Amino acid sequence: MNKPSILVARPVFPEVIERLQQFFEVDSNQNNEAWSKAELIGKLQGKVGVFTTGGDRMDAEVLTACADLKICANMAVGYNNFDLPAMTARGVLGTNTPDVLTETTADFGFALMMATARRMTESEHFLRAGLWTEWRYDMFAGADIHGATLGILGMGRIGQGIARRGAHGFGMQVIYHNRSHLDAATEAECKARWVSKEELLKSADHLVLVLPYSAQSHHAIGGAELAQMKPTATLVNIARGGIVDDVALAAALRNKTIAAAGLDVFEGEPKLHPDLLNVPNVVLTPHIASSSLPTRLAMANLAADNLIGFLTQGNALTPLNPEVLLKK
Ligand code: 8YV
């Protein structure tokens, strides 16, 4: 019997491709070719499943043009690249990779906050440029992490991981803003207190963004919000480009409206707004918060498990629209 055909839209671990090949005919973009939407649609003809990463848009146009498609398995917890209502309407299952990346991503968020507060990359650039000739009392003097107020916008699993690190490891006062309050037991475990967005902006010494991207969270942090923050505050974005207005942020960094920022995600990435490259008080990383080797492998395997489970047995570990499963 012929195996069903799937597309792997981006390069991924060879061992994961080998696993998938046990169940499917696999067409894989191991050379990382940049496909136009028309090329992606062409590649998807006759494919029942697709393995995507966060940059691969699966919108209504693609779904309509790919009638054979039954599942889109994202190797990411965020799924703003999926038009989920369009998938549900067409009976296509969407899956993501939650949980397996929570602690790794929280580690990175914390590391980026520390690097930002303590001016680590700025001082390294200074050193590499051969500018270090003497010790000075105020050389790259930054902000403290321990004992400071940690603000978290978006308090899902990753936000809670960052809160726990801050409260238990560094004695930080943790405040958060989220649409819903955490239950009392989780709040107590994270030592976190719900505040209004206004209070979060006003009170945080270090503000970390961990909310999902949507039309509602587009430019949740713009010029008006940055103006409410302390001039000594830092801002870290490990969530999605577009949540911060990057032009407003670059201006705020240049004008010292806030002290510094740490950014792992950007509007229009992998391109960056040039202004961000020209301000010194920003730590920039290329969307790597989940990138430890074991975690990236776990994410890839979970996406593969979803494809295998759904296409061979009709179930998936981490469905985004489980109503599709119930209709089967
Ligand atoms: C991914 C991420 O590496 O999981 C997410 O939502 O942003 C990252 O972990 C990225 O989206 C590539 O798929």
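What you see is a predicted model, and the numbers here were worked out from it, not measured in a lab.
Using a 3.5 Å distance cut-off with no hydrogens or angles, the side chains of Ser290 and Arg296 do pair a donor with an acceptor. Using modelled atom types and a 3.5 Å distance limit, the side chains of Gln160 and Tyr176 yield no donor-acceptor pair. Between the side chains of Asn74 and Thr53, not a single donor N or O lies within less than 3.5 Å of an accepting N or O. In this model, a donor atom of one side chain and an acceptor atom of the other lie less than 3.5 Å apart for Ser214 and Gln216. There is a side-chain donor-acceptor pair under 3.5 Å between Arg90 and Thr64.
The salt bridge (Lys or Arg N to Asp or Glu O under 4.0 Å) check on Glu124 picks up Arg128, with sequence neighbours excluded. Taking the salt bridge (Lys or Arg N to Asp or Glu O under 4.0 Å) definition, one finds that Asp305 meets it with Arg19, sequence neighbours left out.
A salt bridge links Lys37 and Glu61; the closest N-O separation between the charged side-chain nitrogens and carboxylate oxygens is under 4.0 Å. Classification of Arg193 and Glu199 as a salt-bridged pair holds, one side-chain N sitting under 4.0 Å from a carboxylate O. One finds a salt bridge joining Lys230 and Asp205 here, because a Lys/Arg side-chain nitrogen approaches an Asp/Glu carboxylate oxygen to under 4.0 Å. Electrostatic pairing of Arg164 and Glu103 counts as a salt bridge here, judged by a charged N lying under 4.0 Å from a carboxylate O.
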Please tabulate, for side-chain N and O atoms in residues 259-268, each donor-acceptor pair with protein atoms closer than 3.5 Å (sequence neighbours left out).
residue : atom : partner : partner atom : Å
Asp264  : OD1  : Thr285  : OG1          : 2.8
Asp264  : OD1  : His287  : N            : 2.9
Asp264  : OD1  : Ile288  : N            : 2.8
Asp264  : OD2  : Ile288  : N            : 3.0
Asp264  : OD2  : Ala289  : N            : 3.0
Glu267  : OE1  : Asp246  : N            : 3.0
Glu267  : OE2  : His219  : NE2          : 2.6

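Across Asn29 and Glu33, no two heavy atoms sit closer than the pair OD1-N, 2.8 Å. Contact record, Leu307 with Gly49: CD2-CA, 4.1 Å, taken as the closest heavy-atom pair.
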Where do Leu311 and Phe23 land on the side chain to side chain contact (heavy atoms under 4.5 Å, CB included) test, with the steps shown first?
-> CA-CA 9 Å; Leu311 293 172; Phe23 300 90; over 6 Å; no
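Using bins of under 30°, 30° to 60° and over 60° for the plane-to-plane angle, the ring pair Trp194/His177 lands in the tilted bin.
Two residues are said to be in side-chain contact when any heavy atoms from C-beta on lie closer than 4.5 Å; Ser203 and Val195 fail this criterion.
Under a hydrophobic-cluster definition in which Ile, Leu, Val, Met, Phe, Trp and Tyr are linked whenever side-chain heavy atoms come within less than 4.5 Å, directly or via other members, Phe24 and Val48 are assigned to the same cluster.
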